[in-house]
Amino acid sequence: MGGVYIKNKWLPYLLILPTIILICIFKIYPIIDSVIQGVLSTEGSFTLENYKLLFADKTFWNSLWVTLKFNLIIIPLQIIIAFIMAMIVNVKVRGIEIFRTVFYLPFCISLTIATVIWQMMLNVNNGVINSVLGILGIRPIGFLIDKKWALLSIVLIASWRGCAYWMMFISGRIEGN
């Protein structure tokens with residue numbers, strides 16, 4: 001058995017080589033190119049003027065703050081909900097397959113289709129949720145256009161999809177023990 005390992009010690013690296021090449025082409029190269037372009041002036045000389053302008057811009061700092069808030073909210077939220085979902089789908093009861101399907105379904109839906117569905121549900125003028133709120137006597141809410149509601153709405157939509165994804169990893173770990 002040891003001889004087989006020595007003969008094929010490069011096989012794992014060969015198998016992940018296409019992935020490494022694609023990551024380099026589509027992730028690492030664009031990052032490096034952006035940094036290089038960011039420190040070059042229009043004449044091609046080295047300058048930090050672009051970064052000075054960036055760090056002086058209030059919009060940049062606001063975007064950075066919103067991104068930080070988004071991640072501080074969504075990461076713990078998704079982990080907690082995914083853990084609860086994983087615990088539920090690992091219970092040995094009759095019919096649990098239905099819950100497994102329902103819980104994992106959001107991840108299986110195309111991102112484009114999910115976006116269209118959520119847009120129809122959250123539309124301020126004729127969305128499903130605002131229609132229900134109207135029946136209850138509550139004024140329409142601009143879930144995706146109101147500054148107070150947009151971040152929360154996006155967190156909930158992303159969590160709806162992301163929790164199913166993380167549930168599968170946690171669920172596999174629970175079953176593995």
Undergrad: Q37: what forms a side chain to side chain contact (heavy atoms under 4.5 Å, CB included) with it, not counting sequence neighbours?
TA: D33
Undergrad: Is there a path of hydrophobic side-chain contacts, each under 4.5 Å between heavy atoms of I/L/V/M/F/W/Y residues, joining Y51 to I31?
TA: no
Undergrad: Please list, chain by chain and in numerical order, all residues satisfying side chain to side chain donor-acceptor pair (under 3.5 Å) with S45, sequence neighbours excluded.
TA: S41
Undergrad: Where the side chain of N130 meets the backbone of N125, is there a donor-acceptor pair that is under 3.5 Å apart?
TA: no
Undergrad: Which residue pairs pass the side chain to side chain donor-acceptor pair (under 3.5 Å) test with at least one member in residues 60-82, sequence neighbours excluded?
TA: Q78-W166
Undergrad: Can you pull the side chain to side chain donor-acceptor pair (under 3.5 Å) pairs that have at least one residue in residues 132-147, sequence neighbours excluded?
TA: none
Undergrad: Under 30°, 30 to 60°, or over 60°: which ring-plane class applies to F107 and Y165, parallel, tilted or perpendicular?
TA: tilted
Undergrad: With I98, which residues qualify under side chain to side chain contact (heavy atoms under 4.5 Å, CB included), at least two apart?
TA: V102
Undergrad: Given 3.5 Å as the limit, does a donor-acceptor pair link the side chain of S153 with the main chain of F143, or not?
TA: yes
Undergrad: Has the side chain of R100 got a donor or acceptor atom that lies under 3.5 Å from a matching backbone atom of N90?
TA: no
Undergrad: Strictly by ring-ring contact (aromatic ring centres under 6.0 Å, His included), give each pair with a member in residues 113-140 just once, sequence neighbours left out.
TA: W118-W160
Undergrad: Would you compute the distance between atom CD1 of I84 and atom SG of C163 and round it to the nearest 0.5 angstrom?
TA: 9.5 Å
Undergrad: Hey, could you give me each pair passing side chain to side chain donor-acceptor pair (under 3.5 Å) that has a residue in residues 18-27? Not counting sequence neighbours.
TA: none
Undergrad: For I145, what are the other residues in its hydrophobic cluster, where any two members join if their side-chain heavy atoms are less than 4.5 angstrom apart?
TA: V124
Undergrad: Under 3.5 Å, side chain of N50 to main-chain N/O of G38, donor-acceptor pair present?
TA: yes
Undergrad: If hydrophobic residues (ILVMFWY) are linked whenever their side-chain heavy atoms come closer than 4.5 Å, directly or via other members, who joins I16 in its cluster?
TA: I20
Undergrad: So, using side chain to side chain contact (heavy atoms under 4.5 Å, CB included) as the criterion, who are the partners of F99 when residues are at least two apart?
TA: I96, F103
Undergrad: Write out all pairs satisfying ring-ring contact (aromatic ring centres under 6.0 Å, His included) with one or both partners inside residues 26-48, taking only residues at least two apart or from two chains.
TA: none
Undergrad: Does F55 share a hydrophobic cluster with L64, counting links as ILVMFWY side-chain heavy atoms below 4.5 Å and allowing steps through other members?
TA: yes
Undergrad: Which ILVMFWY residues can you reach from L15 by hopping between side chains whose heavy atoms are under 4.5 Å apart?
TA: L11
